[in-house]
Structure formats: C-alpha cells, structure tokens
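Scroll down for the structure; my scribbles are underneath it.
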Number of protein chains: 2
Amino acid sequence: MSSQIRRTMPLFPMGTVMKLTDLSARQIRYYEQHHLITPDRSDGNRRLYSLNDIDRLLEVKDLLDQGINMAGIKKILLKDESQEIELETKDSGVKLKKEFTDEELRKLLRKELINAGRFNRSPGMDRRFFH
Amino acid sequence: MSSQIRRTMPLFPMGTVMKLTDLSARQIRYYEQHHLITPDRSDGNRRLYSLNDIDRLLEVKDLLDQGINMAGIKKILLKDESQEIELETKDSGVKLKKEFTDEELRKLLRKELINAGRFNRSPGMDRRFFH
DNA sequence: AATCAGTGTGATAAAACATTACATGGTGTT
DNA sequence: AACACCATGTAATGTTTTATCACACTGATT
C-alpha cells in the first residue's frame, strides 16, 4: 500500500499543489504566510506539501469562494491553536500575536456577516442594510 | 478527501520518489528504460510519478532484493503486456520487440532459477549444481 | 482621496531534474 | 584468465522549477 503514506508526509512540490488546488503559487505562499499551512522544506529550501496541506488549502479556497476573508478563515481554521491576530511588524513579515479584543471580535464578525453572502446575491438588496 | 487523488495521477517528482522507495535516480530511470514504469512528464519534461508507479518500484526493488534480474522481473511484472524482449539497437536505447524464442526462454528461466536463491544461502551448496 | 487586502508580475538566484557519456564491480562465458 | 555484460555510480552540461523580494493593481473600506 504505497509504502505507508501518511497524511502529514512532505511529498508534493509547488507545481503539483497548484494543479491539485487550482491556486496560484502566490496564493499558496500567502496563505502560508498567514499560518494556514506550514509546509515542510527540502534540503534546498523548496516547499514540500502534505496531503493535509492540500486538504487545508482546499478548505481555504472554499471559504474564500464563500466571500470570507483571511481573518475569518483564520478564525475558522485555526480555532484550536489559541485564537490570535497578527500585526505587521516593521522588520517585515506577519508575526506578533495578541488575544482578540472585544472590539476586534465584533468588527471581524460584522465583516464576516456582510461578506458571507456577498456573491450570488441579487444586485438590488445590498450591503446598505449593514454599516 | 484530498480532491480525489487517483492512483494514476502524476504527482510526485523524482526526489520524493527516491525517498519513498529508497532507490537512486539512476535506478528509477533505468527501470523506466525497461518499461517497468512509465511516469508522466510535466510541461517542462520533468518526470511525475503516480502512486501506482511507486508501488511498482517497490515491487521491483523487492524482486531485485530477492536476486531476480531485470529479465525475470520483466517477465513477472509485465506478464499481461504481451511478453517480449528488448534488443539494444545501434541508434541507442532499448526499443525492438520480439517474441521469446525457445532458446531465450530456456536460458532466462535457467538464470532465474539459479539466481532465485542466490542470497541468504549457505556458502557450501553452490551453483555448481547448475550449468 | 487614501488605505488596505488579496493577488499578479517581473527580476534574480538557486535547487532539482534531464540527458549523455563514461566508469566500475560483480557474474557468467569462452 | 581474459572477456563481456548487467545494474549502478558518477561527472558534465543544460533546462525547468521554485524561492525571495519588490512593486503594481483592483476592489472594498475608511
């Protein structure tokens, strides 16, 4: 049985993952930057994705297609890993972590609600109901 | 379920297959030259192996470890695909196909028998029983 | 208008791979 | 013993793929 392939084994290169997920390299790296996936690396620093990574990317894609933004997706997919938000730091990269404040939470949820049905909706009834 | 990964999908690059099978690139390409596997190619001519390819390579490796040579392995693994042998052609490469002749078959089978138990055998009883 | 989020694109460097040719250690053959 | 062959190693060279970084763009938010 294929030498016991585990769902966490680093197996696939970028190109394969792009085709399997129909995402661009840019997108995939961007989602990694936001810790939605943490692919392994080869000795030569090339990303190697696991089956789990691919599943996760497909989840991300699905949520994006539903109009949910990064913040929401993170909230949904990283709900175990001690909820936190990232802040851009001057030394480049997304790193700082902090608990959600009440205001942030409210803001985020409002955004999610607004965006949730943003697609496939009739052009008449718009977001003027929210603000 | 990982976007319906089929056992025939071209997914893995050489490096991954090397690690999964513990074979060298040279070996893997050599077995391909002998039609034991026929990996797909990327747009840029890079080999892409499927789960089936990996299984096949592991079978090959197993048979080799048992002391069976290429000819025997081909006979075993390609038994459906209309048995044939290859002859080196001057224009390089293994290509010509031809039905086994009786002599060839006898010779091959003799070799297989001799080699089959070549390893893990007591150094006393040797191939002097065959010739 | 200015900002921000998500993604595209281009430049550059390095890693991984393909191909080819030659070398080598066993095994079998003459 | 000398030779031939099989399966594999290795080196040279060229191409493909990926990494990183920087900047641009579009649509939505403020």
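Naming: A, B, ... by sequence-line order, numbering from 1 per chain.
- Note that the CG atom of A:Leu23 and the OH atom of A:Tyr31 stand 5.5 Å from one another [nearest 0.5 Å].
- For C:dA16, its base sits under 3.5 Å from the side chain of B:Arg46 at one donor and acceptor pair at least.
- At the phosphate of D:dT17, neither OP1 nor OP2 sits under 4.0 Å from any side-chain N or O atom of B:Asn45.
- Mapping B:Tyr31 and B:Asp43 onto DNA chain D by nearest heavy atom places B:Tyr31 closer to the 5' end of the strand.
- Listed here is the closest heavy atom pair of A:Asp53 and A:Leu48: OD2-O, 4.3 Å.
- Here A:Asn52 contributes atom CG and A:Glu59 contributes atom CD; the two are 9.5 Å apart, rounded to the nearest 0.5 Å.
- Remark: B:Arg26 is not in phosphate contact with C:dT19, judged by side-chain N or O atoms under 4.0 Å from OP1 or OP2.
- Minimum heavy-atom separation, A:Thr21 to A:Leu58: CA-CD2, 3.9 Å.
- For B:Tyr30 and D:dT8, the shortest distance from a side-chain N or O to OP1 or OP2 is not below 4.0 Å.
- Residue whose closest nucleotide on DNA chain C sits further toward the 5' end, between B:Ala25 and A:Met70: A:Met70.
- With rounding to whole Å, A:Tyr49 atom OH is found 13 Å from D:dT17 atom C1'.
- Between B:Glu32 atom CD and C:dC17 atom C1' there is a gap of 13 Å when expressed in whole angstrom units.
- Following rounding to the nearest Å, A:Met14 (CE) and C:dA16 (C1') show an atom-to-atom distance of 15 Å.
- Checking the phosphate oxygens (OP1, OP2) of C:dA15, no side-chain nitrogen or oxygen of A:Ser42 falls inside 4.0 Å.
- Straight-line distance from the CD1 atom of A:Ile68 to the C1' atom of C:dG6: 15 Å, rounded to whole Å.
- Spacing between atom CE of B:Met18 and atom P of D:dG9 amounts to 9 Å, rounded to whole angstrom units.
- Heavy-atom nearest nucleotides on DNA chain D were determined for B:Gln27 and for A:Gly44, and the one closer to the 5' end corresponds to B:Gln27.
- Taking atom CZ on B:Phe12 and atom P on C:dA16, their separation rounds to 18 Å, with Å as the unit.
- As rounded to whole Å, 22 Å separates atom P of D:dT26 from atom CG of A:Asn69.
- Residue B:Leu57 contributes atom CG, which lies 15 Å from atom P of D:dA7 at whole-angstrom precision.
- Listed nucleotides D:dT18, D:dA7, C:dA18 differ in distance to B:Arg41; the shortest reach to its side chain belongs to C:dA18.
- Ion pairing between B:Asp55 and B:Arg7 holds under the 4.0 Å rule for side-chain N and carboxylate O.
- Of the side-chain N and O atoms in B:Arg47, one or more sit less than 4.0 angstrom from OP1 or OP2 of C:dA18.
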